[in-house]
Structure formats: structure tokens, C-alpha cells
Amino acid sequence: MEKIRVRFAPSPTGSPHIGNIRTAVYDWLFRQRHGGSFVVRIEDTDRARFVPTSLDELLDSLRWLGLQWDEGPEVGGEYGPYFQSERLTHYDKLVKQLIEQGDAYYCFCTSERLAEMRKAQEAAKQPTGYDRACVSCSKEDVQSKLAQGIPAVVRFKVPQDGNTSFHDVVRGEITFENRLLDDFVLLKSDGFPTYQFANVVDDHLMEITHIIRGEEWISSTPKHVLIYQAFGWTPPVFAHPPLIFGSDRTKLSKRHGAVAFLDYKERGFLPEAMLNYLTTLGWSDGTDQELFSRDELIEKFTLEGIVNHPVIFDMQKLEWMNGVYIRAADIGLITELCLPYLQKAGLLPANPTPAEMEYASSVIALEKDKLKVLSDVAELTSFFFQDELEFDEKGVGKWLSKEHVPTLLGKLMDKLSALTDFSIEGIDAVVREVGEEMEMSGGQVIHPTRMAVTGRTVGPGLFETISALGQARVVARIKRTLEMLSEMQVG
RNA sequence: GGCGCCAUGGUCUAACGGUUAGGACACGGCUCUUUCAAGGCCGCGGCGGGGGUUCAACUCCCCCUGGCGCUACCA
């Protein structure tokens, strides 16, 4: 295969979404698989919708996922500039060529006239499209209007008969009738090109070999092909992956969970899990496998494996997959990634002491396997950090309100405070010893004890929990629980 | 309205035209267990409808229905 060149061509008009980033994932995987170059090109031709922060978000998203680009913003490259707003001379020159060839023409219609025309067409249930009012203006007329400074756009002159077809790797041959394509705008009156034009020009100038972009572009692809033909250029290979929708088959929105891609980073998804999920959402290697390492994805990814139907984003499955990755991840990494969440929740100071760090690490280790997203860590471990326990009401009723509990906890507190070997084994032995003395099963001792030291009915193994909390904390907590219980009796 | 794309359980997906239609998430049950997870086992649940072609159709063709996209001087 020739050197492949793929591009990710986002518009900086807002926070990048799941769908945007997934096409970047496919671009990157394809590039990694075959070599060549992954180009990032910023399509900032819509000055009205430009959002300055979106470029940073875009690049941060790619960096977070580990999708390094070979050419584009920050890294430059031989085919730059990579911002369309800096490439205006290219478009200008080429649009003039089309006009001279008779493949494009100036149009002076006002947006008001166009709106009325469209309205009439809709009312008459006719296909909408430009009525070519300006197609046959004389050269002199055009020159005089331009000289007067009347705002003009340049339109492509679409052939009125015949068909335009192209091959889509994902869907096969797709054909459109030319007469149903209207004379679309190439150059806007502000001098900026439209997407349709700039995109084709840049893909050609940058020698892009494969265009991977969302299905929403299928309808405009014949227009692009027509432009390639007008210039005598060879179109690249097209691949249109399916769109991603929310659970109700509508566009992904806040109701379906996070929309902005970086929100997933914020919530504590691991990049490897995101990469895995995003790739397999709408792609398969033809087997049952759905857990793939980064290297496996690179090795196995093919454009042909992309499915051709819309897919629905399933947060539950993503969370499951993230849990799989968290469990498999190195504890050191998970600890490091969890610390900010504890700090944000006010459970850990911004500059923890070594002792606090060690304590936090031991606590995170106990809950690691239960995390679906890293941000869960705060809720899961808060009782380790807050001595003022929030008692689970049902748990109190079930485990602490029995008559024998104060005796039980009293014995336990004495033995634990006297314990010299505060290890998991030592604690285990003490708890069971108390159980024997009280003639109770392990569970009957363990549940009230967990309530007394954590306030909760669920948590890590009790002995591990007690050991991690440490002798002083545990004894103090049991004492307070006893005080609370006696107050309750008085009250 | 026009044009285009698409159609396997709720969701993501697999299946040379010949399989009891497989796997995963979710859900339910059991098990393991000091709780919660994780794990193991079991279960629930599917080829949108109608015509063809064929000895044989989830698979190929047509129609219908449904979903989605496009129909801008937005991308």
C-alpha cells in the first residue's frame, strides 16, 4: 500500500464529543497499523461559531487518549499551515480556477431572497435547492456588481444530469442523481471557504489518502467528488463510520451522561478503557473478543471491520469495561490517579504529609477492585478519613440496637487497645476470641463491629479495615459508638 | 416533502446459504463469602413484516414498515 495519510479535521466550535473523538481513534489506529501520517487539521472557517477554548480541549482529548499526531497544531509539518483560516490564498486561487473553467460562478442573491425561495419550495413540496438565478449573468454584469461592492458568494455549477457515485469502504457503492444536488456555495461573502470546498482542497493539497469521518457526511460526499472531478484530482478512499446515539436513539446529550469528551477524564475513566470501548463501539474484528490492549487494537484494526449501522452509547458497559481496566491496573498508578479525587472531596489535604499519603494509599488499595470510575473513590473511602461517622440507619437497627452489643463492643475495645500485634491476623484472632466468649458466630460479631468503626454495613474486609484505620482510631471510634448507644438508651 | 444510509435479544456484537442463532453489558437466581464488589454456575431475552430466488435464507433480491442523516453564505 502507498504511504497512507489520514486526517482528523475538527471544527473548533465547542467541546469535542464522543463521536468526534472516535473518528480520531479510527484515524490513529489506521495510521498506527499501516504507518504513514496522522494529520490534525483545524477547520476554522466558521467565524461566527468559533469557540477559542475548543482547540485546547481537542488537543487535550487526543493527548489524554494517547493519540499522537504526526502533523498539525503544535508539531507543524510539511503540508501546513494546518489551520484553514491561514490557507485562504489556496482557496482563493483555486476558486478562481473553477470560475475560469466555467465550473463555478458568482451569485449575488441575498439571504432574504434565498430564504423566500426555500420557503416557497417547501410549501410546494418541491425539493429545496438554489434556483440558479445567477448562473447566466453576463461577465460584464458580474464585473460591475463586484466593482460596486455588492456582496457575492461563489457557487459550484453542478451538472444537471447524470449521477455521481463513490465507493465507501463501510457501505459499498453509493450513487446520487446530480439533478438533485443544488449549486452549493464554495466561497462565502466574507471571503472564507465553506467546509465543502476547503475540505476537498486541503485533503488534496495535503495528499490525504483515506477520509474517515462520520456518517452525516455521506450526503455531501457527491459534492466533494464533483469538485475533485472538476479539478481533475483523484478522490481519496472514503469510510463513513456510523453515528453514535444515546439510549433513546437521539443525539447524545447530557441526559445520556457526559457529552464533552474530557468529562470522561474528569469522572475517572482510564484512557485505555476509553480507547477500547470507543473502538469496539461500531467495530469488530469478526470474533467475540471485546477486550483489546492498545497494541492488539493497532494490530487488528481494519476499516472493513467498521459496522454500517448507527450504534448506541452504553454507559453501563463503558463503566464495566473501565472497572476491568482498573482492576488490572497497577496499584501505584491507580493510587496516584485517585488522590486528586480525595483532595477534591476534602478528605485529603492539598499537600499531604508522608504519613497521610501512606494512609491514603492503603485505603485506596482496599477499594481499588470495587471502582468503576476513579471518582467513586471518595464516596467509597470517606469513612476512613472522617472520624465523625454517618451511621447507616438500617444498619443501626439491624446490628447495633441489640442489648448485648454494648457488652460486645466493650470487650472488643479492651482487647483491641491491649493488642500489641495490630496486624490483620492479630485483629482476626481478637474478634473471634470475643465471639467465643459471647458464644456468637463470627458474623454476629463482625457486623456490629463494622458498624461501630465505619458507620456502614458495607466495606472492605473488616480486619483489613481495622488494620488500615489503626489502633488509636479504632478504639476511639468504638468508644464513641458506645457513648452514642448509651445516649440512645437514655433518650 | 425529496435524497441517502441502516435494520440479529434492552444495548454492543458473531455466525462459507445448511448452527439447538454464539459471546459481552444489563437484568434475575444460585454459589463463594464477615458485608459490598469481583469470580464461578444457571437463567431471561433476538433474526421488524411481506414477497421472491434456492433442495435449503438471519444470510441473496424486491416491496413495506421503522430508525437515523442530509436537505445553510454550519461543519
Side-chain angles (χ1 to χ4, degrees), chain A residues 9-14 43-46 48-49 107 109-111 114-115 118 121-130 151-155 168 170-171 174-177 180-182 184-196 198-199 213-222 240 242-243 245 247 249-251 277 280-291 307-321 323-324 327 367 369-372 380 395 399 428 431-432 435 441-447 449-451 454 456-463 465:
Chain A
S11 292
T13 54
E43 310 225 328
D44 54 350
T45 56
D46 185 347
R49 294 201 305 156
C107 165
C109 295
T110 62
S111 47
L114 294 173
R118 215 165 6 246
Q121 288 167 337
E122 276 165 21
K125 308 217 164 182
Q126 296 294 312
T128 56
Y130 181 56
V153 301
V154 177
R155 290 181 181 273
D168 183 313
V170 178
R171 299 151 212 279
I174 301 177
T175 301
F176 291 79
E177 289 182 63
L180 296 168
L181 268 26
D182 74 340
F184 54 96
V185 172
L186 300 173
L187 208 62
K188 300 184 256 186
S189 56
D190 63 3
F192 277 68
T194 58
Y195 170 90
Q196 317 292 168
N199 191 265
R213 82 232 297 187
E215 189 185 343
E216 75 265 32
W217 295 107
I218 290 180
S219 303
S220 36
T221 304
H240 291 100
L243 263 15
F245 293 102
S247 49
R249 295 184 179 280
T250 63
K251 249 175 70 181
Y277 181 72
T280 53
L281 182 61
W283 173 84
S284 149
D285 71 342
T287 74
D288 285 339
Q289 187 174 348
E290 53 186 352
L291 260 11
V307 304
N308 59 9
H309 57 267
V311 294
I312 291 175
F313 181 79
D314 184 352
M315 184 65 86
Q316 278 184 314
K317 187 146 188 176
L318 206 212
E319 288 180 348
W320 163 78
M321 195 173 278
V324 171
R327 272 173 254 130
E367 296 285 16
D369 289 359
K370 237 180 276 185
L371 297 174
K372 277 186 157 56
L380 242 26
W399 300 113
D428 188 334
V431 170
R432 301 207 185 274
S441 71
Q444 285 175 297
V445 181
I446 285 168
H447 295 302
T449 307
R450 173 177 283 106
M451 281 300 301
T454 71
R456 303 188 185 192
T457 58
V458 302
L462 180 67
F463 312 135
T465 300

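The figures here come from the full heavy-atom set of this structure, side chains too, leaving out hydrogens, waters and symmetry mates. Since this is a predicted model, take the numbers as computed values, not measurements.
Partner assigned to B:rA7 is B:rU65, using Watson-Crick or G-U wobble distances below 3.5 angstrom. Across every strand in view, B:rC47 sits unpaired, with no contact that passes the Watson-Crick or G-U test at under 3.5 angstrom. Remark: B:rU53 base-pairs with no nucleotide; criterion is Watson-Crick or G-U wobble with both hydrogen-bond distances under 3.5 Å. With a 3.5 Å ceiling on both atom-pair distances, the Watson-Crick or G-U wobble partner of B:rG39 is B:rU31. Both distances falling under 3.5 Å, in either a Watson-Crick or a G-U wobble arrangement, place B:rG1 opposite B:rU71.
At whole-Å resolution of the value, CG in A:Asp190 and P in B:rC74 are 7 Å apart. Computed from coordinates, the A:Gln444 CD to B:rU34 P distance equals 13 Å when rounded to whole Å. Between the C1' atom of B:rG23 and the CD atom of A:Gln289 lies a distance of 12 Å, rounded to the nearest Å. Going from atom NZ of A:Lys372 over to atom C1' of B:rA37 covers 8 Å, rounded to whole Å. Atom OH in A:Tyr195 sits about 13 Å away from atom P in B:rC70, given to the nearest Å. Regarding A:Leu462, its CG atom lies at a distance of 17 Å from the P atom of B:rA37, rounded to whole Å. Spacing between atom CZ of A:Phe245 and atom P of B:rC12 amounts to 11 Å, rounded to whole angstrom units. Atom CD in A:Gln316 sits about 13 Å away from atom P in B:rU11, given to the nearest Å.
Counting any heavy atom pair closer than 4.0 Å across all strands shown, A:Gly442 reaches no nucleic acid atom. Among the atoms of the strands shown, only primed sugar atoms or phosphate atoms (P, OP1, OP2) are found under 4.0 Å from some heavy atom of A:Ser11. Nucleic acid contact for A:Thr280: sugar-phosphate only, since backbone atoms but no base atoms lie under 4.0 Å from a heavy atom of the residue. Among the protein residues, A:Gly286 comes within range of the sugar-phosphate backbone only, with heavy atoms under 4.0 Å from sugar or phosphate atoms but none that close to a base. Among the protein residues, A:Val307 comes within range of the sugar-phosphate backbone only, with heavy atoms under 4.0 Å from sugar or phosphate atoms but none that close to a base. Contact annotation for A:Arg249: backbone-only contact, meaning every heavy-atom pair under 4.0 Å involves sugar-phosphate atoms and none involves a base. Residue contacts shown for A:Glu122 are absent, as no nucleic acid heavy atom lies under 4.0 Å away. Note on A:Val311: only backbone sugar-phosphate atoms sit closer than 4.0 angstrom, heavy atoms only; bases stay farther off. Using a 4.0 Å heavy-atom cutoff across all strands shown, A:Ser247 reaches no nucleic acid atom at all. No contact: A:Pro151 has no heavy atom under 4.0 Å from any strand. Note on A:Ile174: only backbone sugar-phosphate atoms sit closer than 4.0 angstrom, heavy atoms only; bases stay farther off. Within 4.0 Å (heavy atoms only), A:Phe463 reaches at least one base atom of the nucleic acid.
Applying the 4.0 Å criterion to OP1 and OP2 of B:rA72, one finds that A:Thr128 has a side-chain N or O inside that range. Applying the 4.0 Å criterion to OP1 and OP2 of B:rA75, one finds that A:Thr45 has a side-chain N or O inside that range. Remark: A:Arg450 is not in phosphate contact with B:rU34, judged by side-chain N or O atoms under 4.0 Å from OP1 or OP2. Contact between the side-chain N/O atoms of A:Lys125 and the OP1/OP2 oxygens of B:rC3 is not found at any separation under 4.0 Å. Taking only side-chain nitrogens and oxygens, A:Lys188 comes nearer than 4.0 Å to OP1 or OP2 of B:rC74. Residue A:Ser284 places at least one side-chain N or O under 4.0 Å from the OP1 or OP2 atom of B:rA14. Regarding contacts with the backbone of B:rA75, every side-chain N or O of A:Arg213 stays at 4.0 angstrom or more from both OP1 and OP2. Note on A:His309: a side-chain N or O is less than 4.0 Å away from OP1 or OP2 of B:rU13.
Proximity of a side-chain donor or acceptor of A:Arg118 to a complementary backbone N or O of A:Thr128 within less than 3.5 Å is not detected. Using a distance-only test at 3.5 Å, with no hydrogens or angles considered, no donor-acceptor pair links the side chain of A:Asn308 to the main chain of A:Arg171.
In summary, the side chains of A:Ser441 and A:Arg432 do not present any donor paired with an acceptor at a separation below 3.5 Å, with no hydrogens or angles considered.
Across the C1' atoms, B:rU65 and B:rA56 are found 27 Å apart, a figure rounded to whole Å. When the P atom is compared between B:rU35 and B:rC68, the two are found 47 Å apart, to the nearest whole Å. B:rG18 and B:rC6 are spaced 27 Å apart, taking the C1' atom of each and rounding to whole Å. Look at the P atom in both B:rC60 and B:rC25: the space between them is 29 Å, to the nearest Å. Using P as the reference atom, B:rA38 and B:rG1 are 48 Å apart when rounded to the nearest Å. If you take atom P in B:rC16 and the same atom in B:rC58, they sit 14 Å apart, rounded to whole Å. Atom name P, nucleotides B:rA15 and B:rG9: the rounded distance is 16 Å, in whole Å.
Put simply, the side chain of A:Arg456 and the base of B:rU35 share no donor and acceptor less than 3.5 Å apart. In this model, no side-chain donor or acceptor of A:Lys370 finds a partner on the base of B:rA38 within 3.5 Å.
The residue among A:Gly129 and A:Glu216 whose nearest nucleotide of RNA chain B lies closer to the 5′ end is A:Glu216. A residue-by-residue look at A:Gly443 and A:Pro193 shows that A:Gly443 has its nearest nucleotide of RNA chain B further toward the 5' end.
The aromatic rings of A:Trp217 and A:Tyr195 lie parallel to each other, their planes meeting at an angle below 30°, with 60° marking the opposite boundary.
In this structure, OH on A:Tyr277 lies 10.5 Å from CD on A:Glu319, to the nearest 0.5 angstrom.
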